Peer 1: 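There's a structure below that I have some questions on.
The analysis underlying the following values was restricted to heavy atoms, covering all of them including side chains, and did not include hydrogens, waters or symmetry mates. Since the model is a prediction, treat every value here as computed from it, not as a measurement.
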Amino acid sequence: MTQKTPATFQSTSGIVPDSEASDLEAWRRAAAKSTGGGEIDALNWLTPDGITVKALYTALDTRQLPHTNTLPGFEPYVRGPQATMYAVRPWTIRQYAGFSTAEESNDFYRKALAGGAQGVSVAFDLATHRGYDSDHPRVTGDVGKAGVAIDSVEDMKILFDGIPLDKVSVSMTMNGAVLPVLAGYVVAAQEQGVSQNLLSGTIQNDILKEFMVRNTYIYPPAPSMRIIGDIIEYTAGHMPRFNSISISGYHMQEAGANQALELAFTLADGQEYVRTALARGMDVDAFAPRLSFFWAIGMNFYLEVAKMRAARLLWWRIMNGFGASNPKSLMLRTHCQTSGWSLTEQDPYNNIVRTTIEAMAAVFGGTQSLHTNSFDEAIALPSEFAARIARNTQLIIQEETHIAQVIDPWAGSYMMETLTQQMADAAWAIIEEVDTMGGMVKAVDSGWAKLKIEAAAAQKQARIDSGQDVIVGVNKYRLQNEDPVQARDIDNVAVRDSQIRRLQAIRASRDQAAVTAALQALTAAAASGEGNLLGLSITAMQARATVGEVSDALESVFGRHRADTHKVSGVYAASYDARSAQGDTMEYWETLKADIRQFAREQGRQPRVLIAKLGQDGHDRGAKVVATAFADLGFDVDIGPLFQTPEECARQAIENDVHAVGVSTLAAGHKTLVPAIIAELRRQGGSDIVVFVGGVVPRQDYDMLYAAGVKGIYGPGTPIPTSARDVLHQIRQSLQPT
């Protein structure tokens with residue numbers, strides 16, 4: 001049910017004199033003259049959120065707004081949750097990182113802290129996210145590649161060796177395997193001599209967005225919501241300084257959501273989590289002060305600032321509706337991260353500028369902590385050189401510009417106050433639509449929310465590919481020759497071998513009876529609904545159960561979630577404007593469609609492709625956008641289920657009689673998994689099937705992939721029509737008699 005809006009403030013901005021309206025009309029006449037008599041409203045910009053950004057704002061735009069005369073630290077907190085904001089305490093500088101082994105990640109964290117970082121943010125590898133130990137056969141290509149491999153408390157102790165956990169706050173991006181990972185952190189701290197009540201930081205623990213976009217879930221929605229409730233309940237009683245959940249819009253925007261969708265779906269998720277805790281009989285003010293949020297900050301500068309201000313306004317409204325009375329329950333506190341999606345492989349040093357602009361938007365929006373991405377992350381995991389520049393970007397903003405000395409400098413801006421209200425109104429309309437469906441769990445379970453985001457992603461990609469939206473160095477002002485950038489490379493085989501040896505040592509040295517009893521207690525609690533799963537997980541991890549064993553103990557009752565695979569249709573084609581397409585870099589839409597129709601006449605069927613995700617990489621924005629665009633062009637498109645092994649993918653390709661398999665990769669598993677799919681196709685009798693790769697692939701890996709049999713590689717920034725024409729050519733070549 002929609003939360004009712006409480007009484008708001010009366011406007012105290014005064015009445016704008018009639019003279020201002022006449023002055024505005026005079027301005028319109030002067031502006032029309034300067035544009036050669038054109039219509040001034042044509043200068044306005046309609047954003048993807050449906051918000052009109054005008055070329056000029058005046059006091060006439062803000063005189064009816066209720067929030068424009070409030071102060072920082074006071075309801076409704078539009079100007080920030082603290083009265084003095086950065087003037088007394090600047091935002092926390094975080095460095096989100098994790099790769100390879102716990103030893104290597106620990107070395108990175110210690111260097112980052114010495115270099116000015118003020119908190120640790122941990123990225124786990126995909127095997128850990130999905131609740132698999134490193135020796136599981138489904139994760140051969142994933143161990144240590146897109147984050148650090150953690151299998152047990154022993155790994156966690158190494159990860160934080162020399163980092164005082166009673167002084168350094170730790171943020172952990174973990175959702176699927178949240179129980180064993182959070183439990184392992186608690187036990188590692190205890191064995192470092194730090195009690196639970198002294199731990200500070202955040203566990204993401206936001207499973208609803210995983211079902212929409214990131215897909216690192218393990219269990220179905222209902223038991224996943226029980227886990228969240230158990231964590232909120234346990235931390236409220238034992239870890240008062242620790243944020244039990246970081247309600248995350250970041251991955252929604254990275255998957256394609258515009259700012260209004262990101263804001264609405266994130267706050268709607270927050271409502272659902274509050275309801276879950278209240279259903280336990282908890283008092284709202286006992287847990288709400290430790291709820292936090294996490295926003296993506298992209299290149300839409302004004303809307304990002306407005307989004308963060310609107311978020312505080314709406315959360316205050318929502319929590320009033322739940323009867324919260326503690327001011328800390330009403331304040332939205334947030335971490336921000338600059339966009340990874342906006343980073344380009346082409347002319348990558350431009351990314352330093354993009355990240356700086358995005359960081360400024362986060363600061364002007366009032367973030368409590370910030371991570372700035374490294375310029376080379378569109379290519380591979382960040383190098384130490386790139387990470388230092390990203391960290392120094394924040395230090396320069398914080399210590400050289402004096403920006404932090406003014407509290408909410410955008411307050412009173414005719415434009416910003418108007419955009420704040422427009423953003424709040426746009427998001428609230430979506431939240432009300434979600435409420436009519438019965439809440440976010442139902443909106444997610446139906447697939448509606450995911451399809452809304454995927455449609456927005458397809459629209460955005462079409463606008464870039466046709467040149468309507470400019471990306472400097474990609475579809476405009478592109479360099480003739482790109483200088484290579486040295487990318488960090490992880491030896492996945494060596495990392496996995498070292499993790500397997502450590503697992504073998506732990507299993508050989510532990511008290512197996514104690515482990516078995518702890519795991520059986522977890523399974524019994526999962527089945528009965530009684531007991532707190534986090535408390536029981538802590539007991540299991542103390543006994544040296546592994547991440548995979550704790551996950552399996554719960555999976556035996558809850559099951560493992562399998563997502564339905566859908567794609568939007570017609571969205572890319574409707575947004576692609578061939579008139580804007582630049583002939584030197586993009587194939588015109590109708591010409592390419594005609595070529596595909598000609599292929600169908602010659603072969604008796606359309607060119608058929610399977611778009612696949614291999615391993616545990618659940619980031620499927622690229623795969624879904626490519627599938628949508630290829631289908632709109634006239635390809636017959638199959639989409640493989642997430643988390644396929646090479647063997648499973650090859651079997652599906654052969655059974656479906658496809659001409660080509662397109663592997664979408666983001667998490668650096670391509671060096672292991674792509675040669676494996678080619679070998680499997682040959683082994684199973686599909687050697688004539690073309691294999692192409694799209695996504696984040698360092699240039700240094702191209703020759704290896706081509707030598708393995710890949711026919712085309714399409715990195716970030718490749719227009720989809722260009723890749724589609726090349727794939728069509730490769731299919732034609734494969735059909736030629738040898």
Peer 1: Dump the intermediate steps for side chain to side chain contact (heavy atoms under 4.5 Å, CB included) on Ile357 and Val353, then the final yes or no.
Peer 2: CA-CA 6 Å; Ile357 291 167; Val353 181; 4.0 Å; yes

Peer 1: Atom CZ in Arg478, atom CG in Asp347: separation rounded to 0.5 Å?
Peer 2: 9.5 Å

Peer 1: Check the angle between the aromatic planes of Tyr250 and Phe294 and answer parallel, tilted or perpendicular using the 30° and 60° thresholds.
Peer 2: parallel

Peer 1: Is there a donor-acceptor contact under 3.5 Å linking the side chains of Gln118 and Thr92?
Peer 2: no

Peer 1: Verify, without hydrogens or angle tests, whether Asn215 (side chain) and Val213 (backbone) share a donor-acceptor contact under 3.5 angstrom.
Peer 2: yes

Peer 1: Could you check whether any side-chain heavy atom of Met252 comes within less than 4.5 Å of a side-chain heavy atom of Leu261, counting everything from C-beta outward?
Peer 2: no

Peer 1: Determine the interplanar angle of the Tyr185 and Phe242 rings, folded into 0 to 90°, and report it as parallel if under 30°, tilted if 30 to 60°, perpendicular if over 60°.
Peer 2: tilted

Peer 1: With Arg309, which residues qualify under side chain to side chain donor-acceptor pair (under 3.5 Å), at least two apart?
Peer 2: Asp408, Glu417, Thr420

Peer 1: Give a yes or no answer on whether the side chain of Gln461 reaches the backbone of Gln459 with a donor-acceptor pair at less than 3.5 Å.
Peer 2: no

Peer 1: Testing the 3.5 Å rule here: is there a donor-acceptor pair between the side chains of Asn175 and Glu210?
Peer 2: yes

Peer 1: Can any side-chain N or O of Thr393 pair as donor or acceptor with the backbone N or O of Thr356 at less than 3.5 Å?
Peer 2: no

Peer 1: Answer whether the closest heavy-atom distance between the side chains of Leu291 and Ser244 falls below 4.5 Å.
Peer 2: yes

Peer 1: With rounding to the nearest 0.5 Å, note down the distance linking CD1 in Ile297 to OG1 in Thr334.
Peer 2: 7.5 Å

Peer 1: If you round to the nearest 0.5 Å, how far is OG of Ser664 from CG of Asp620?
Peer 2: 8.0 Å

Peer 1: Using atom types as modelled and distance alone, determine if a side-chain donor or acceptor of Asp376 lies under 3.5 Å from a backbone N or O of Ala386.
Peer 2: no

Peer 1: Whether the side chain of Gln192 engages the backbone of Ile163 through a donor-acceptor N/O pair (distance < 3.5 Å, no angle test) should be reported.
Peer 2: yes

Peer 1: Using a 3.5 Å distance criterion without hydrogens, assess whether the side chain of Asn106 forms a donor-acceptor pair with backbone atoms of Leu159.
Peer 2: yes

Peer 1: Return yes if some donor-acceptor pair links the side-chain N/O of Tyr273 with the main-chain N/O of Leu208 below 3.5 Å, else return no.
Peer 2: yes

Peer 1: Can you find a heavy atom in the side chain of Gln394 that is under 4.5 Å from one in the side chain of Trp91?
Peer 2: yes

Peer 1: Once you round to the nearest 0.5 Å, how far does CD of Gln271 lie from CD1 of Ile318?
Peer 2: 4.0 Å

Peer 1: Quick one: pull up CH2 in Trp295 and OG1 in Thr367 and give me the separation to the nearest 0.5 Å.
Peer 2: 11.0 Å

Peer 1: Is there a donor in the side chain of Ser339 and an acceptor in the side chain of Glu358, or the other way round, less than 3.5 Å apart?
Peer 2: no

Peer 1: Is any side-chain heavy atom of Thr355 less than 4.5 Å from a side-chain heavy atom of Leu343?
Peer 2: yes

Peer 1: Is atom OH of Tyr702 surrounded by more than 12 heavy atoms (other residues, nucleotides or ligands) closer than 6.0 Å?
Peer 2: yes

Peer 1: Between Ala189 and Leu199, which heavy-atom pair has the shortest distance, and what is it?
Peer 2: CB-CD2, 3.6 Å

Peer 1: Please report the closest heavy-atom contact between Val78 and Arg312, naming both atoms and the distance.
Peer 2: O-NH2, 2.8 Å

Peer 1: Determine the minimum heavy-atom distance between Gln204 and Lys209, stating which atoms define it.
Peer 2: OE1-NZ, 2.7 Å

Peer 1: Is there side-chain contact between Asn475 and Val470, with at least one heavy-atom pair below 4.5 Å?
Peer 2: yes

Peer 1: Do you know which two heavy atoms are closest between Ala260 and Asp49, and how far apart they sit?
Peer 2: N-OD2, 2.6 Å

Peer 1: Which distance, rounded to the nearest 0.5 Å, do you find between the CD1 of Ile389 and the OG of Ser374?
Peer 2: 8.5 Å

Peer 1: Considering all heavy atoms of both residues, which atom of Met239 and which atom of Val186 are nearest to each other, and what is their separation?
Peer 2: CE-CG2, 3.9 Å

Peer 1: Not counting sequence neighbours, list each pair that qualifies as a side chain to side chain donor-acceptor pair (under 3.5 Å) and has a residue in residues 159-171.
Peer 2: Arg94-Ser169

Peer 1: Any donor-acceptor pair under 3.5 Å linking the side chain of Asp155 with the backbone of Ile150?
Peer 2: no

Peer 1: State whether the number of non-hydrogen atoms from other residues, nucleotides or ligands found under 6.0 Å of Arg241 atom CZ is greater than 12.
Peer 2: yes

Peer 1: I would like to know whether Val547 and Met156 meet side chain to side chain contact (heavy atoms under 4.5 Å, CB included); could you show each step before the answer?
Peer 2: CA-CA 11 Å; Val547 168; Met156 198 70 82; over 6 Å; no

Peer 1: Heavy-atom distance under 4.5 Å between the side chains of Leu182 and Asn205, does that happen here?
Peer 2: no

Peer 1: Under the side chain to side chain contact (heavy atoms under 4.5 Å, CB included) rule, what do Asn243 and Arg333 come out as? Steps first, then yes or no, please.
Peer 2: CA-CA 10 Å; Asn243 298 325; Arg333 298 165 301 106; 3.6 Å; yes

Peer 1: Measure from the side-chain N and O atoms of Arg621 to the backbone N and O of Ile453, and report whether any donor-acceptor pair falls under 3.5 Å.
Peer 2: no

Peer 1: Apply side chain to side chain contact (heavy atoms under 4.5 Å, CB included) to Glu254 and Gln337, showing your working.
Peer 2: CA-CA 11 Å; Glu254 290 289 279; Gln337 182 175 340; over 6 Å; no

Peer 1: Any side-chain donor paired with an acceptor under 3.5 Å for Ser248 and Arg214?
Peer 2: no

Peer 1: Judged by modelled atom types alone, do Asp269 and Thr266 share a side-chain donor-acceptor pair under 3.5 Å?
Peer 2: no

Peer 1: Go through the side-chain N and O atoms of Gln253 and Glu304 and say whether any donor and acceptor fall under 3.5 Å apart.
Peer 2: yes

Peer 1: Does atom CZ of Phe74 have more than 12 heavy-atom neighbours from other groups under 6.0 Å away?
Peer 2: no

Peer 1: Does any non-hydrogen side-chain atom of Val53 lie less than 4.5 Å from one of Gln422?
Peer 2: no

Peer 1: For the pair Glu377 and Asn351, evaluate side-chain hydrogen bond (donor to acceptor under 3.5 Å, both in side chains) and give the outcome as yes or no after the intermediate values.
Peer 2: CA-CA 9 Å; Glu377 288 189 61; Asn351 295 332; over 6 Å; no

Peer 1: I'd like to know if the side chain of Asp142 and the backbone of Ala127 have a donor-acceptor N/O pair within less than 3.5 Å.
Peer 2: no

Peer 1: Around atom OH of Tyr302, are there more than 12 heavy atoms of other residues, nucleotides or ligands at under 6.0 Å?
Peer 2: no

Peer 1: With a 4.5 Å cut-off on side-chain heavy atoms, are Thr128 and Met174 touching?
Peer 2: yes

Peer 1: Please report the closest heavy-atom contact between Val472 and Arg354, naming both atoms and the distance.
Peer 2: O-NH2, 2.8 Å

Peer 1: Ignoring hydrogens and angles, state whether a donor on the side chain of Asp151 or Ser134 is under 3.5 Å from an acceptor on the partner side chain.
Peer 2: yes

